[in-house]
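The structure appears below as C-alpha cells.
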Amino acid sequence: MNYNFKQAEYALRDEFDKIDEIRDYNQRKVLKAFYDNRVAPEHFYTVSGYGHDDLGREVLDKTFAQVFCAERAIVRIHFASGTHTLACALFGNLKAGDKLLSVAGTPYDTMLEVIGTAGDDETKRASLIGNGVLYDEIPLINGIDVDYSALEKSVDFNTTMVLIQRSKGYSTRKSLTVDEIEKICKIVKSKNPNCICFVDNCYGEFVDKREPLEVGADLMAGSLIKNPGGGIVEAGGYIAGKELYVERSANRLTAPGIGSEGGAMFNQHRLIFQGLFMAPSVVSEALKGAVLAAKVFEDTGFNSSPKYNEKRADIIQNIIFGKAEHLENFCKTIQALSPVNGYVTPVPENIPGYEDKVIMAGGTFIEGSTIELSADGPIRPPYAAYMQGGLNYAHIKICLEEMIKKL
C-alpha cells in the first residue's frame, strides 16, 4: 500500500502547532521549578543506609510539587510500578469502613487485584476489600463516556474517596481530559466536600497545560517510567497533592513514623531530575507520533481512537482489530522495529495482574517503559492494540511507514 506521509504531515500542521505550544508552556514551568528550588550538583548525590537527611531527595520532592501545583510530593525509586504507587496512595488513605468509588467504570486490570474484585483468595485477602474497604463503581454510558448524572447520585457523605483513572487502560472508553476531570471534581465536592478526589495520572503528565491538581483533585500519582521520567529514569513513581494525603501514602510505602523521611535513593537523583527536565519535550514527541498514527490509521480504514484532531488526554492510541491474529501481527511489527530486542517475536502470555493473556511489544531501553515506543493488548474481544510512547517522532514515523508497507 502506498501512503503519502508528507501529505499527512502537512494536514497535521495545526495539531503539531498545538502540541508545540503545550510543550513550550510546560518546559517553562519545569525550568522555573528547577530555578526556584535552586537545583544544584550537590542535589545529585545521595546518602546510604536509612536515607536520612537526604538533601537531594528533599529538593526533588519540592521540585515535583511545584511542577504539579501540589502542597507536597514524594518521588521515590522504591515504587515498583505505577500500580504499586497507586496502591500506596489508596491503602494510605483508606481504612476499614471507608468507601472507594471508581467514577469511570471498571479500573485497569492490575488495579482489580489491588481493590479486591479479582485474584485468588490470598490476593483478595491482601486487597482493599479484604481489609474492610467498601467499593463501588459507576458504569460508563455505552462503555465510553462518564455518567455524570449517576455520579451526582452516587456520591454522598459516606464516600471517602473517588478514583479517577485518567487513561483508558485496556478498555475502549475515552481517556479523560483535564476539563472532564475538573467536571468530575466539581460534582464530587458539591456532594461531599471532604471526599478525596484521587487521580491515576499515568500517561497524562504534560499532555495539557494544566494538571489534575489545578482543577480540584486532591491527590494524584504516576510512574516514572512513563511521561515524567523523560525516557531515562530507570524505576519509581511519584505521589503529589495535599500534604496530609501524600504523607499518609508515604507511611504506606515505608512505615508509620518513617513516612517520607527514609529511603536511600541509590544515586538516582540526577536521572530523575534530568528526566523531569526532558519530559515536556519527550511527551510532545510521543504526542506527535500518536497524532500521526491516528491520521494514518483513519486514512487506511482502521477503527482507531482518539481521532487525529481530537483533544488529547494521554499519549495512548488504540486500534481495534477484531481478530487476535491481527493484534498479534501488529505487536510483532512494533517489536521488529524496536532498538532493543528487535529480533525477538512477542507471544501472548499470562502476566501477573491480568485476567487474560497479554501480548506486549516493548523493545525498550528500560524494561516496561511505556514512554518509549511500545504496544500491547489483552487477547480478548475486541482485540484492541494500545500503542504508546516514542522517545522521538522519527522512530514512530519509521514504524508507521513500515507498517503501511506490510498492509
Side-chain angles (χ1 to χ4, degrees), residues 1-20 22-23 172 175 203 207 226-227 230-231 278 281-310 312 314-347 359-366 368-377 382-407:
M1 179 185 291
N2 292 320
Y3 184 83
N4 192 328
F5 276 84
K6 287 287 185 185
Q7 186 175 326
E9 289 176 311
Y10 186 81
L12 295 173
R13 287 176 303 162
D14 288 346
E15 301 305 317
F16 286 177
D17 285 346
K18 293 175 187 175
I19 293 171
D20 287 343
I22 292 169
R23 175 201 63 200
T172 52
S175 295
Y203 299 107
V207 171
K226 295 183 175 70
N227 300 21
M278 294 169 60
S281 291
V282 172
V283 169
S284 75
E285 293 286 286
L287 283 174
K288 287 180 180 178
V291 168
L292 178 63
K295 175 69 172 168
V296 171
F297 293 138
E298 181 176 318
D299 289 348
T300 51
F302 285 93
N303 182 0
S304 177
S305 178
K307 302 303 181 187
Y308 72 88
N309 54 358
E310 280 187 59
R312 289 270 156 176
D314 59 20
I315 62 171
I316 297 174
Q317 186 70 31
N318 75 282
I319 314 98
I320 297 174
F321 289 106
K323 292 184 178 180
E325 57 266 33
H326 293 169
L327 166 59
E328 292 178 33
N329 287 334
F330 177 84
C331 290
K332 289 174 182 177
T333 302
I334 294 288
Q335 185 72 42
L337 294 165
S338 297
V340 181
N341 279 341
Y343 62 90
V344 171
T345 301
V347 294
I359 185 167
M360 292 188 169
T364 55
F365 292 95
I366 295 166
S369 172
T370 43
I371 187 59
E372 300 181 57
L373 181 59
S374 53
D376 48 72
Y383 301 104
Y386 298 84
M387 174 181 164
Q388 62 269 319
L391 297 180
N392 61 74
Y393 172 78
H395 180 209
I396 305 168
K397 182 180 175 181
I398 290 168
C399 285
L400 292 171
E401 287 173 341
E402 294 301 315
M403 206 170 291
I404 290 300
K405 289 177 184 177
K406 289 181 181 296
L407 291 174

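The backbone N or O of K307 sits less than 3.5 Å from a side-chain atom of E310, completing a donor-acceptor pair. Looking only at distances, no side-chain donor or acceptor of E328 sits under 3.5 Å from a matching main-chain atom of I359. When atom types are taken as modelled, the side chain of Q335 and the backbone of N341 share a donor-acceptor pair closer than 3.5 angstrom. One N or O on the side chain of T364 and one on the backbone of I366 form a donor-acceptor pair closer than 3.5 Å. Distance alone, capped at 3.5 Å, is enough to place a donor-acceptor pair between the N227 side chain and the Y203 backbone.
Within the 4.5 Å cutoff, the side chain of E9 has heavy atoms near those of the Y393 side chain. For the pair F5/V296, a side-chain contact is recorded, criterion being any heavy-atom separation below 4.5 Å from C-beta on. Contact of the E372 side chain with the F365 side chain is registered, since non-hydrogen atoms from C-beta on lie closer than 4.5 Å. Under the 4.5 Å side-chain criterion, counting only non-hydrogen atoms from C-beta, R23 is not in contact with V283.
Residue C331 comes nearest to P346 through the heavy atom pair O-CG, 4.0 Å, listed as atom of the first residue, atom of the second, then distance. The minimum heavy-atom distance between P306 and A294, with the atom names listed, is O-CB, 3.5 Å. Closest non-hydrogen pair, T370 versus I315, comes out as O-CD1, 3.7 Å. Residue G230 comes nearest to L391 through the heavy atom pair O-CD2, 4.5 Å, listed as atom of the first residue, atom of the second, then distance.
Summarising the geometry, atom OG1 belonging to T300 is positioned 7.0 Å from atom OH belonging to Y3; distances are rounded to the nearest 0.5 Å. Residue L327 holds its CG atom at 11.5 Å from CD1 of I320, rounded to the nearest 0.5 Å. Taking NZ from K18 and CG from L287, the interatomic distance works out to 13.0 Å, rounded to the nearest 0.5 Å. Atom CD1 in I396 sits 12.5 Å away from atom CG in L337 (nearest 0.5 Å).
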Decide side-chain contact (heavy atoms from CB on, under 4.5 Å) for D376 and Q388; before the verdict, give the C-alpha distance in whole Å, the side-chain angles of both, and the deciding distance to 0.1 Å.
CA-CA 9 Å; D376 48 72; Q388 62 269 319; 3.1 Å; yes
Carefully, step by step, assess L373 and C399 under the rule side-chain contact (heavy atoms from CB on, under 4.5 Å).
CA-CA 9 Å; L373 181 59; C399 285; 3.5 Å; yes
Quick one, R312 with V291, criterion side-chain contact (heavy atoms from CB on, under 4.5 Å). Give me CA distance, side-chain angles, the key distance, then yes/no.
CA-CA 9 Å; R312 289 270 156 176; V291 168; 4.0 Å; yes
What do the steps show when you test F297 against L400 for side-chain contact (heavy atoms from CB on, under 4.5 Å), and what is the final call?
CA-CA 9 Å; F297 293 138; L400 292 171; 4.1 Å; yes
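Residue-environment remark: CG (D14) stays at or below the threshold of 12 foreign heavy atoms within 6.0 Å. Residue-environment remark: CD (E401) exceeds the threshold of 12 foreign heavy atoms within 6.0 Å.
The ring-ring contact (aromatic ring centres under 6.0 Å, His included) search around F330 returns F321, not counting sequence neighbours.
Of the residues listed (K295, Q317, E298), the one engaging S304 in a side chain to side chain donor-acceptor pair (under 3.5 Å) is Q317, and it is the only one.
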